[in-house]
There are 2 protein chains.
Amino acid sequence: MTLDAIDKKLLTFLQQDCKQTNKELSSKLNLSVTAVYERIKKLEREGIIKQYVSVVNKEKIGLKFVVFCQIKLAQHTKEYLTKFESEVKKLEEVLECFHVSGEYDYLLKVIVGDMDQFRNFMVTKLTTIQHIGSTQSSFSISEVKNTTAINIR
Amino acid sequence: MTLDAIDKKLLTFLQQDCKQTNKELSSKLNLSVTAVYERIKKLEREGIIKQYVSVVNKEKIGLKFVVFCQIKLAQHTKEYLTKFESEVKKLEEVLECFHVSGEYDYLLKVIVGDMDQFRNFMVTKLTTIQHIGSTQSSFSISEVKNTTAINIR
DNA sequence: TGCTTTATAGAAAAATTTTCAGCAATGACT
DNA sequence: AGTCATTGCTGAAAATTTTTCTATAAAGCA
């Protein structure tokens, strides 16, 4: 499927606020309500729109501490990688985990309430996973930019 | 505001799918439709729910390349930091930018279509920002976990 | 040309959100 | 203890939105 200019605008709007009514969208896009409706349904069917989510303000629920953990495995066997990945997926503190190139194997984004909780996370959860070689953590000092909205090019 | 068990469940559901109807939510939570409605409105008023967004499948729109860039500034004056941050915010390829502790000053999550576009991003956009000391990039080999949903504890 | 598909519009139907009135429980204050 | 205000809930009604349906025009194609 190829996106035309209207689809791109529509996706941009929906990435900002997916609760806008089709009427609002229709006037922004100079289309009828039904046309907007059909376009959105198509984007959903094609899997271009993956899901609709509420974004929660993490600070407001006491999660003020963002940490990036870089992790090196002891060995790079398929078994070790798979095991590590399945364990990390289960950790609620880990919002993102990427297998990456470079000196370290994995980059994790971890969210906790404070340093104490982070220590607890490291000691009782992360480093109890087998075959971890070494870790290196960077603490977020400030969030400069953090968006879910992709610029459709 | 303190969240009770129902609020926490509600937030969990809404972070998975914010387009569920209040009727669906009311039956999952054993509440009336109006009670669900009022709770959601309160969470919005309090700013606990920040926004409602559509999540776009980046692969489907040709953005298959995720890169993490670590950046060191030449000097750490307030002026340099502020300038860098305001420039980086403007770059559409940058979805996340955190000022972090450790060897590097900033960690960026960059999304592009391919290596060529990444080279172009580095050469014509990122490294043209003044006062950058050095950069170090890690490419994503695979996405193990990547969620917007926070576990409400 | 004639046929099929695709995108659109407007109206009607179905479903959902939002408002409203009423009720019970809670806590503050006299 | 009694009164009052607040909070959260329910069910019904009103308002709005989504979804379906019918029809039409434009585009692609044999």
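What you are looking at is a predicted structure, and each value in this text was computed from that prediction instead of being measured. Quick note on labels: first sequence line is chain A, next is B, and so on, each numbered from 1.
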Q. Just checking B/K42: base, sugar-phosphate only, or nothing, at a heavy-atom cut-off of under 4.0 Å?
A.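 Since only primed, P, OP1 and OP2 atoms lie under 4.0 Å of B/K42, the category is sugar-phosphate.
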Q: Using chain A heavy atoms and a threshold of under 4.0 Å, write down where along DNA chain D the contacts begin and end, 5' to 3'.
A: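 In short, chain A contacts DNA chain D from D/dT17 to D/dC21.
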Q. Does atom NZ of B/K145 have more than 12 heavy-atom neighbours, drawn from other residues, nucleotides or ligands, at distances under 6.0 Å?
A. yes
Do [X] and [Y] get their side chains close enough for a donor-acceptor pair, meaning under 3.5 Å?
| X | Y | value |
| --- | --- | --- |
| B/H99 | B/D105 | no |
| A/E85 | A/Y106 | yes |
| A/Q20 | A/D17 | no |

May I have the distance from [X] (atom [atom1]) to [N] (atom [atom2]), rounded to whole angstrom?
| X | N | atom1 | atom2 | value |
| --- | --- | --- | --- | --- |
| A/K41 | C/dA7 | NZ | C1' | 17 Å |
| B/E24 | C/dT17 | CD | C1' | 14 Å |
| B/E38 | C/dT17 | CD | P | 13 Å |

Q | First encountered from the 5' end of DNA chain D, between A/T34 and A/T21 | A | A/T21
Q. Under 4.0 Å between a side-chain N/O of A/Y37 and OP1 or OP2 of C/dT8, yes or no?
A.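 No, because none of the side-chain N or O atoms of A/Y37 sits under 4.0 Å from OP1 or OP2 of C/dT8.
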Q.
Closer than 3.5 angstrom, by distance alone: can the side chain of B/T127 be matched with the main-chain N or O of B/M122 as a donor-acceptor pair?
A.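 Indeed, once roles are kept as given, a pair shorter than 3.5 Å links the two residues.
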Q. Of A/R39 and B/K23, whose nearest nucleotide on DNA chain C comes first from the 5' end?
A.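 It is A/R39, whose closest nucleotide lies nearer the 5' terminus.
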Q | Residue whose nearest DNA chain C nucleotide is more 5′ - A/K19 or A/A35 | A |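 It is A/A35, whose closest nucleotide lies nearer the 5' terminus.
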Q | Aromatic B/F68 / basic B/K109 pairing, under 6.0 angstrom, 45° off normal | A |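 The answer is no, since B/K109 fails at least one limit relative to B/F68.
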